Amino acid sequence: YKTFDGDLKWDHNDVTYRVLNYSPDMEIALIDDAFARAFKVWSDVTPLTFRRLFDGTADIMISFGKADHGDGYPFDGKDGLLAHAFPPGAGVQGDAHFDDDEYWTLGKGPAVKTRYGNADGAMCHFPFTFEGKSYTTCTTEGRQDNLPWCATTADYGRDKKFGFCPSELLYTFGGNADGAECVFPFVFLGKEYDSCTTEGRSDGYRWCATTSNFDTDKKFGFCPSRDTTTIGGNSDGDPCRFPFVFLGKQYDACTSEGRGDGKLWCATTDNYDDDKKWGFCPDQGYSLFLVAAHEFGHALGLDHSNIREALMFPMYSYVEDFHLHEDDIEGIQYLYGGRTGPVPTPPQPNPTTDIYPTIDENVTDDPEPTEPTPTTTPQPVDPTKDACKMTKFDTITVIQGELHFFKDGNYWKTSSTSDAGPKGPFSVSQKWPALPAVIDSAFEDVLTKKLYFFSGTRFWVYTGQSVLGPRSIEKLGLPSNIQKVEGALQRGKGKVLLFSGENFWRLDVKAQKIDRGYPRFTDAVFGGVPNDAHDVFQYKGHFYFCRDRFYWRMNSRRQVDRVGYVKYDLLKC
Amino acid sequence: RSLPLKSVYVTFPGDVIKNMTDTELAESYLKRFGYMDTLKRSGFQSMVSTSKAVKRMQRQMGLEETGELDQSTLAAMKKPRCGVPDVAN
């Protein structure tokens with residue numbers, strides 16, 4: 001195995017991903033499932049967990065694209081390059097791109113998941129027999145509405161199990177029409193269209209209007225690929241037309257004639273010589289699962305292996321029963337170590353399999369609330385005050401390795417070593433009697449373990465149960481016009497950054513004085529975090545800047561590597 | 001004695017891949033995946049020879065290291081694969 005120069009890897013184990021768009025080749029549910037299984041390949045052998053985001057920036061942004069898709073590394077049409085991914089890091093780093101000029105399947109021909117019918121969304125069974133004839137593709141036989149269908153068992157006559165196949169007459173995905181079906185004919189820029197088209201788009205994706213006039217209604221969606229659709233070419237996915245004429249000769253099946261690469265193609269009208277309309281014939285396709293597992297290996301920090309049987313070998317080959325090769329395991333464990341303890345169970349989304357727009361919601365936005373965890377530590381003063389229902393805290397800080405969340409005279413704490421939810425609330429006045437109810441900021445000095453609390457223009461220093469203060473923050477050298485200290489970041493031993501408004505100051509804790517050269521602008525040093533963060537603290541080697549319910553997490557290289565919810569990620573509600 | 005059939009290649013409209021010769025394919029492949037790269041050191045540029053590049057590629061792909069564009073090497077170059085270069089630049 002090989003890793004990228006400098007052993008590029010994620011500096012956190014809870015890696016996030018986001019699926020930005022979908023291929024028309026497979027149902028959304030199948031694509032989501034393929035990606036989830038591909039991540040599981042790696043999480044099974046490492047301490048890594050993968051959590052899906054539905055908006056915002058994830059570590060691994062996944063997308064489909066064709067040819068020049070915007071990253072400077074264009075794809076090359078069908079076959080050849082299948083996908084690529086970037087090693088871990090910010091921006092495009094860590095992202096995975098899949099060539100949508102490929103035919104994406106599960107590796108063994110069209111993977112057709114049905115809708116409606118009576119088979120509960122089962123996959124088509126090819127071949128299947130219907131009225132004595134065998135079918136290897138979806139068919140419109142037996143129907144008058146032209147909707148393609150298939151049997152989901154080998155014999156429709158015996159089992160009567162069927163469902164409808166992907167078709168633009170049944171639904172669209174993406175766009176702005178909530179998955180409505182195409183309406184034909186439709187008008188676009190004054191011209192009438194009887195089928196899906198790529199006109200008006202530069203990305204090559206087929207679309208249709210979902211009302212009779214796009215120009216007036218502006219409603220559209222992308223067309224799912226039929227299993228009989230041609231791939232690439234210039235026919236917008238129309239099916240093959242047999243027989244067809246090519247260079248004066250008639251063809252009754254797909255052919256590689258006329259091509260130097262041996263690929264099978266067909267005409268989509270009855271005469272190629274006249275119409276020049278063509279496309280590649282559907283084939284086994286490429287397993288999205290296998291290719292994604294390989295690409296995610298790159299996104300986690302693995303380069304290409306020269307072991308032919310390894311997943312990280314650069315060439316594609318289909319394997320039925322996939323197992324991660326020892327070489328891949330050694331490679332990924334070199335970067336992240338092995339998996340210990342029980343199988344991690346990060347919160348999972350519950351996406352509907354209906355239509356694309358409806359799943360575009362943030363999974364972490366509204367999960368089921370969890371019950372407060374029973375605790376053996378001091379009893380909560382008021383169990384009805386639930387930290388999970390707080391939208392904003394006065395301050396958040398780490399004391400003795402545990403995150404403490406302060407709000408209106410109460411505090412809660414979470415352990416850094418378990419996924420249990422918050423304990424509390426506990427009374428601030430019981431634990432630190434000298435303090436007021438509202439704490440704006442706090443930090444624990446790493447050297448002396450003294451606790452510094454700030455409230456308004458005053459601060460207190462606790463050493464165990466003894467307290468000094470209140471003292472004015474002006475005594476530290478902070479200007480008299482600041483209203484409160486809103487956050488504190490440890491910077492090495494004996495130095496702490498204090499944040500207020502759009503500025504921060506560096507406090508020499510031992511000297512109890514602000515260093516010269518301050519204040520400095522927060523956004524000049526900590527780019528990409530909110531200027532008006534009300535909680536700033538350091539936790540597990542990261543800087544956190546909170547605003548309302550959200551936090552921006554920054555790594556030691558001062559890159560924002562995650563934005564998330566305080567409630568779910570820090571409070572573990 | 002029958003003459004061998006002569007294939008006629010046409011340019012298909014909208015085809016992203018153009019018909020290319022084996023040599024063109026190999027050169028493109030070796031450059032794209034990092035085997036044949038321009039090295040820049042102190043203003044001096046040297047091109048890794050094609051033979052050396054082919055050998056590196058053959059080693060990576062588990063092929064016999066002949067340094068020649070033989071059939072198995074060309075076949076490997078035509079196979080579907082990941083777009084990440086094999087040799088980092």
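The structure displayed is predicted, hence computed values, not measured ones. Naming: A, B, ... by sequence-line order, numbering from 1 per chain.
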Exercise. Measure distances from B:Y29 to the heavy atoms of chain A and classify the residue's part below 4.5 Å as side chain, backbone, both or neither.
Key: neither
Quiz item: Are any side-chain N or O atoms of A:R308 and backbone N or O atoms of B:M61, one a donor and one an acceptor, separated by less than 3.5 Å?
Solution: yes
Quiz item: Within a strict 4.5 Å, meaning less than it, do heavy atoms of the B:R32 and A:L81 side chains meet?
Solution: yes
Exercise. Can you establish whether the number of heavy atoms outside B:K55 located under 6.0 Å from its atom NZ is more than 12?
Key: no
Exercise. Could you look at A:L247 and say if it's the side chain, the backbone, both or neither that has a heavy atom under 4.5 Å from chain B?
Key: side chain
Self-check item: Any side-chain heavy-atom pair of A:F86 and B:V84 under 4.5 Å
Solution: no
Quiz item: Hey, mind stepping through A:F313 and B:D86 against side-chain contact (heavy atoms from CB on, under 4.5 Å) and telling me if it holds?
Solution: CA-CA 9 Å; A:F313 191 69; B:D86 299 327; over 6 Å; no
Quiz item: Take atom OH in A:Y318; do more than 12 heavy atoms of anything else shown fall under 6.0 Å from it?
Solution: yes
Quiz item: Between A:H294 and B:R81, is any pair of side-chain heavy atoms under 4.5 Å apart?
Solution: no
Quiz item: If you tally heavy-atom pairs under 4.5 Å against chain A, which of B:M77, B:Q60, B:K78 wins?
Solution: B:Q60
Self-check item: Heavy-atom contact with chain B under 4.5 Å, split by part of A:S305
Solution: backbone
Self-check item: Contacting moiety of A:K66, where chain B heavy atoms sit under 4.5 Å
Solution: neither
Quiz item: Looking at B:P13, B:G62, B:A76, which has the largest count of heavy-atom pairs under 4.5 Å with chain A?
Solution: B:P13
Practice problem: Check whether A:E102 gets within reach of chain B through its side chain, its backbone, both or neither, counting any heavy atom under 4.5 Å. | Solution: neither
Quiz item: What option among A:S317, A:P314, A:G204, A:P74 has the most heavy-atom pairs under 4.5 Å with chain B?
Solution: A:P314
Quiz prompt | Steps toward side-chain contact (heavy atoms from CB on, under 4.5 Å) verdict (B:V10, A:R259) | solution = CA-CA 7 Å; B:V10 302; A:R259 299 192 62 86; over 6 Å; no
Quiz item: So what's closer than 4.5 Å to chain B heavy atoms on A:F280: side chain, backbone, both or neither?
Solution: side chain
Quiz item: If you draw a 6.0 Å radius around CD in B:E64, do more than 12 non-hydrogen atoms from other residues or ligands fall strictly inside?
Solution: no
Quiz prompt | Atom of A:D303, atom of B:P85 and distance for their closest heavy-atom approach | solution = OD1-O, 3.8 Å
Quiz prompt | Choice from A:F4, A:Y272, A:Y286 maximising heavy atom contacts with chain B below 4.5 Å | solution = A:Y272
Practice problem: Take the angle between the ring planes of A:W278 and B:F12 and call it parallel below 30°, perpendicular above 60°, tilted in between. | Solution: tilted
Quiz item: If you measure from NE2 on A:H298 to SG on B:C82, what distance do you get to the nearest 0.5 Å?
Solution: 3.5 Å
